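Input: a single structure, listed below in structure tokens.
Please read all numbers here as calculations on a predicted model, not as lab measurements.
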Amino acid sequence: MKYICKRTNEYLEIDGRLHKPVWGNAVEVSLRDNSTGKAPPRDTFVRLMWNDRFLYAGFRCQYETINATLTEFNDKLYNEDVVEIFIDDDRDKKTYIEIEINPLNAVLHYSIHNNPGRRIVAFARTEQVIQSAVIIDEINKTFFVEMAIPFTEFATAGSIPPNPYDTWLFNLYRIDREVNGPIRYSALSPTGQDNFHMPSAFIEIEFGI
């Protein structure tokens, strides 16, 4: 599986509104149940784009209830509802960036060192550089997350910004954690267990034109 990330010449205003015409040019994918690979009870759709400064991502998430109380940078957002993107710019399947955003627009930004079969070490980014916005549509039970990730955050890529047709590795995730209810994990490339930190499941993202 490979995701073709379309290039845009626009610099997006990050306001959570994914109906901007430019988003219509991006390839949309849907997340699958992380254990079974089947369709989850509530859908999550994602689009990505890039330009010379940013990697953009837009999540559209159906929900029944929202479980989100955390508001501070690098709070443990994974204990509640959250969307996530892992990006391995040098394709070594050991070091990658983890970014999470919850429905209250709190951001988690870690650098991960993960040598499979050994300990996972996470280093929290001290400066908040991710641009993000969230809109909650209570009528249609959908929340939208829009983010811009500066390419300056990627220290080990062969080229910054990427050259057209460069390929990195990545995965997309969502935790749908109901209050006093079930926890549902979904992914673009399912890992087969309740653990997102499995670089073997990463897939290619190609920076298209």
Inset, instruction - Quick one: do V179 and T65 satisfy side-chain contact (heavy atoms from CB on, under 4.5 Å)? Show the steps, please. - result: CA-CA 8 Å; V179 178; T65 60; 5.6 Å; no
I'd like to know if the side chain of [X] and the backbone of [Y] have a donor-acceptor N/O pair within less than 3.5 Å.
X	Y	result
D137	I139	yes
D92	T95	yes
N34	T191	yes
D176	Y63	no
D89	A157	yes
D88	I97	no
Y3	V27	yes
N74	R125	yes
E80	T69	yes

According to a 4.5 Å side-chain heavy-atom criterion applied to Ile, Leu, Val, Met, Phe, Trp and Tyr, with indirect links allowed, do [X] and [Y] form part of one hydrophobic cluster?
X	Y	result
Y185	V82	yes
M49	V29	no
F86	Y110	yes
M198	I87	no
V83	I66	yes

Legend entry - Set of residues satisfying salt bridge (charged side-chain N to carboxylate O under 4.0 Å, His left out) with respect to E100, sequence neighbours excluded: none
Legend entry - Stepwise side-chain hydrogen bond (donor to acceptor under 3.5 Å, both in side chains) test for S186 and R42: CA-CA 10 Å; S186 54; R42 287 179 279 279; over 6 Å; no
For a quick test of reading the model, state the closest non-hydrogen atom pair linking [X] to [Y] and the distance between them.
X	Y	result
N51	R7	C-NH1, 4.0 Å
I160	F154	CG1-O, 3.6 Å
P103	A68	CD-CB, 3.9 Å
V107	S132	CG2-OG, 3.5 Å

Nearest-0.5 Å distance that lies between atom [atom1] in [X] and atom [atom2] in [Y]:
X	Y	atom1	atom2	answer
R53	I149	CZ	CD1	14.0 Å
D81	E178	CG	CD	8.5 Å
L169	S189	CG	OG	10.5 Å
T44	R32	OG1	CZ	11.0 Å
N163	I209	CG	CD1	13.0 Å
T142	D43	OG1	CG	9.5 Å

A side-chain contact here means heavy atoms from C-beta on lying under 4.5 Å apart; do [X] and [Y] qualify?
X	Y	result
F151	L55	yes
L104	L70	no
I85	M147	yes
E146	K20	yes
K6	R47	no
P41	R184	yes
L48	W50	no
D33	P190	no

Inset, instruction - Verify the neighbour count for atom NZ of K94: are there more than 12 heavy atoms of other residues, nucleotides or ligands below 6.0 Å? - result: no
Legend entry - Check against side-chain contact (heavy atoms from CB on, under 4.5 Å), V46 and L188: CA-CA 9 Å; V46 192; L188 176 61; over 6 Å; no
Inset, instruction - Report yes if the distance between the aromatic ring centroids of F73 and H109 is under 6.0 Å, otherwise no. - result: no
Inset, instruction - Dump the intermediate steps for side-chain contact (heavy atoms from CB on, under 4.5 Å) on F170 and I203, then the final yes or no. - result: CA-CA 6 Å; F170 86 124; I203 63 171; 3.7 Å; yes
Legend entry - Y173 and its ring-ring contact (aromatic ring centres under 6.0 Å, His included) partner, picked from F59, Y78, F196: F196
Legend entry - Steps toward side-chain contact (heavy atoms from CB on, under 4.5 Å) verdict (F144, F45): CA-CA 10 Å; F144 305 87; F45 301 98; over 6 Å; no
Legend entry - Donor-acceptor side-chain pairing of Y96 and N114 below 3.5 angstrom: yes
Inset, instruction - Can you spot which of N171, I101, I175 makes a side-chain contact (heavy atoms from CB on, under 4.5 Å) with E84? - result: I175
